[in-house]
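Remarks on the structure that follows.
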Protein chains: 2
Amino acid sequence: MTDEVVQPERAELSLPRVLAALSDPARLATVRTLAMLGESACGRIQHDAGLDVSKSTMSHHLRILREAGITHTRVDGARRMVTLRRDDLDARFPGLLDAVLGAPVEAR
Amino acid sequence: MTDEVVQPERAELSLPRVLAALSDPARLATVRTLAMLGESACGRIQHDAGLDVSKSTMSHHLRILREAGITHTRVDGARRMVTLRRDDLDARFPGLLDAVLGAPVEAR
DNA sequence: CGAACAGTACGATGGCTGTCTAACTTCCCG
DNA sequence: CGGGAAGTTAGACAGCCATCGTACTGTTCG
């Protein structure tokens with residue numbers, strides 16, 4: 001009951017897929033926010049990232065990130081707690097996440 | 001006559017756009033090939049990258065890379081000589097290109 | 001119990017994108 | 001000059017994708 005979601009193994013992480021997941025501004029903001037907050041619930045991420053989208057759209061973005069192997073999701077009561085898979089990403093694509101997080105934030 | 005193509009300034013490079021450009025396997029292969037070969041013509045890149053697509057599709061991919069600011073194109077007679085914009089990419093997104101080039105090559 | 005809350009699932013929709021063929025422009029070279 | 005080589009452009013087409021509203025499931029709490 002702790003966790004039941006589909007997420008790829010470390011060795012299965014695909015670079016094109018990871019890059020595609022990160023290429024959307026909303027998801028990029030999500031990842032940045034997650035890097036600052038640490039584990040947090042969907043609604044919290046959406047609020048803190050300043051994303052003005054519907055709940056279903058947010059859910060969609062989080063699914064893309066999860067299925068690309070960028071995040072991990074744990075069920076906690078009514079909430080889903082999401083974390084960045086830093087270790088796996090660093091192991092498979094060294095320097096990539098740091099480069100993305102260190103890059104200048106886009107102008108709105 | 002040396003050059004007449006549209007390519008963004010260093011400061012204008014957009015991370016989502018760069019990531020989107022790199023998220024296609026054909027373009028990723030193109031960038032890897034370009035990193036090994038140095039400046040080279042479109043046909044040469046296509047051949048060395050092992051890309052089995054039409055000329056127009058290749059032209060399309062090279063345009064995406066150019067307009068994202070990842071490559072520079074110089075006209076040389078009948079050919080277009082393409083190079084990676086390593087300096088600009090490194091300056092604006094430190095570590096990103098290295099991480100992408102250093103990542104494991106995907107299984108076909 | 002019952003209402004409000006946290007998210008997901010499902011369609012629907014409009015826009016973007018990778019691909020191709022065909023036609024065109026330049027340029028090189030014999 | 002004339003043919004072939006190197007790419008680009010235009011147009012068409014199929015598939016994917018970001019977005020939304022609505023309906024649904026499960027949870028928390030008064």
Side-chain angles (χ1 to χ4, degrees), chain A residues 1-7 14 16-31 34 37 39-68 70-83, chain B residues 1-7 14 16-31 34 37 39-68 70-83:
Chain A
M1 182 219 281
T2 318
D3 188 16
E4 288 308 336
V5 233
V6 189
Q7 6 211 2
S14 148
R17 196 157 185 198
V18 166
L19 295 175
L22 295 174
S23 73
D24 182 279
R27 292 194 290 263
L28 203 49
T30 297
V31 168
L34 226 27
L37 293 185
E39 183 176 63
S40 37
C42 305
R44 176 83 188 286
I45 298 169
Q46 173 165 9
H47 175 267
D48 281 37
L51 295 178
D52 187 23
V53 295
S54 68
K55 273 197 306 180
S56 57
T57 297
M58 191 64 203
S59 185
H60 162 73
H61 284 312
L62 288 170
R63 186 161 57 86
I64 300 288
L65 288 172
R66 172 167 24 88
E67 293 182 351
I70 295 173
T71 59
H72 174 267
T73 301
R74 177 175 68 84
V75 176
D76 170 40
R79 292 174 312 174
R80 265 70 172 171
M81 301 304 289
V82 181
T83 49
Chain B
M1 183 218 281
T2 318
D3 190 14
E4 287 308 337
V5 234
V6 189
Q7 7 211 1
S14 149
R17 197 158 183 196
V18 166
L19 294 175
L22 294 174
S23 72
D24 181 278
R27 292 193 291 262
L28 202 50
T30 296
V31 168
L34 225 29
L37 293 185
E39 182 176 63
S40 36
C42 305
R44 176 81 188 286
I45 298 169
Q46 173 165 9
H47 175 266
D48 281 37
L51 295 177
D52 188 23
V53 295
S54 69
K55 275 196 305 180
S56 58
T57 297
M58 191 63 203
S59 185
H60 162 72
H61 284 312
L62 288 169
R63 185 162 57 87
I64 300 288
L65 289 172
R66 171 168 23 91
E67 292 182 351
I70 295 173
T71 59
H72 173 268
T73 300
R74 176 175 69 83
V75 176
D76 169 40
R79 292 174 311 175
R80 264 70 173 170
M81 301 304 290
V82 182
T83 49

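Below, read A as the first sequence line, B as the second, and so on, with proteins coming before strands; counting in each chain starts at 1.
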For B:H60, answer base if it contacts any base atom (sugar-phosphate contacts may also be present), sugar-phosphate if it contacts only those atoms, and nothing otherwise; contact means non-hydrogen atoms under 4.0 Å. base

CG of A:L37 to OG1 of A:T83, rounded to nearest 0.5 Å, is 12.0 Å

To the nearest Å, give me how far apart CE (B:M81) and P (C:dC28) are. 13 Å

Which side-chain N or O atoms in residues 41-53 of chain B pair as donor and acceptor under 3.5 Å with protein atoms at least two apart or in another chain?
unit_1 : atom_1 : unit_2 : atom_2 : d
B:Q46  : NE2    : B:L51  : O      : 3.4
B:Q46  : NE2    : B:V53  : O      : 2.7

Whole Å only: how far is the CG atom of B:D76 from the C1' atom of D:dG7? 13 Å

Which one, C:dG18, C:dT8, D:dA18, comes nearest to the side chain of A:S59? C:dT8

How close or far is atom P of C:dT8 from atom NE2 of A:H61, stated in whole angstroms? 13 Å

Could you tell me whether A:R27 contacts a base, only the sugar-phosphate backbone, or nothing, with contacts defined as non-hydrogen atoms closer than 4.0 Å? sugar-phosphate

Distances for protein N or O near nucleotides 21-25 of chain D N or O, under 3.5 Å:
unit_1 : atom_1 : unit_2 : atom_2 : d
D:dG21 : O6     : A:S56  : OG     : 2.8

From C-beta outward on A:A41, which listed nucleotide comes closest to its side chain: C:dG7, C:dC27, C:dA6? C:dG7

Quick one: B:I64 CD1 to C:dT19 C1', roughly how many Å, whole number? 13 Å

In a check of side chain to side chain contact (heavy atoms under 4.5 Å, CB included) between A:R74 and each of A:R79, A:E39, A:R80, which one passes? A:E39

Considering non-hydrogen atoms only, spot the tightest contact between B:S23 and A:A20 and give its length. CB-N, 3.4 Å

Residue mapping more 5' on DNA chain D - nearest nucleotide basis, B:M58 or A:R79: B:M58

One pair to check against side chain to side chain contact (heavy atoms under 4.5 Å, CB included): B:T73 and B:L62. What are the steps and the verdict? CA-CA 9 Å; B:T73 300; B:L62 288 169; over 6 Å; no

Protein-nucleotide distance (B:L62, atom CG; D:dT8, atom C1'), rounded to Å: 11 Å

Which heavy-atom pair separates B:A68 from B:V18 by the least distance, and what is that distance? O-CG2, 3.7 Å

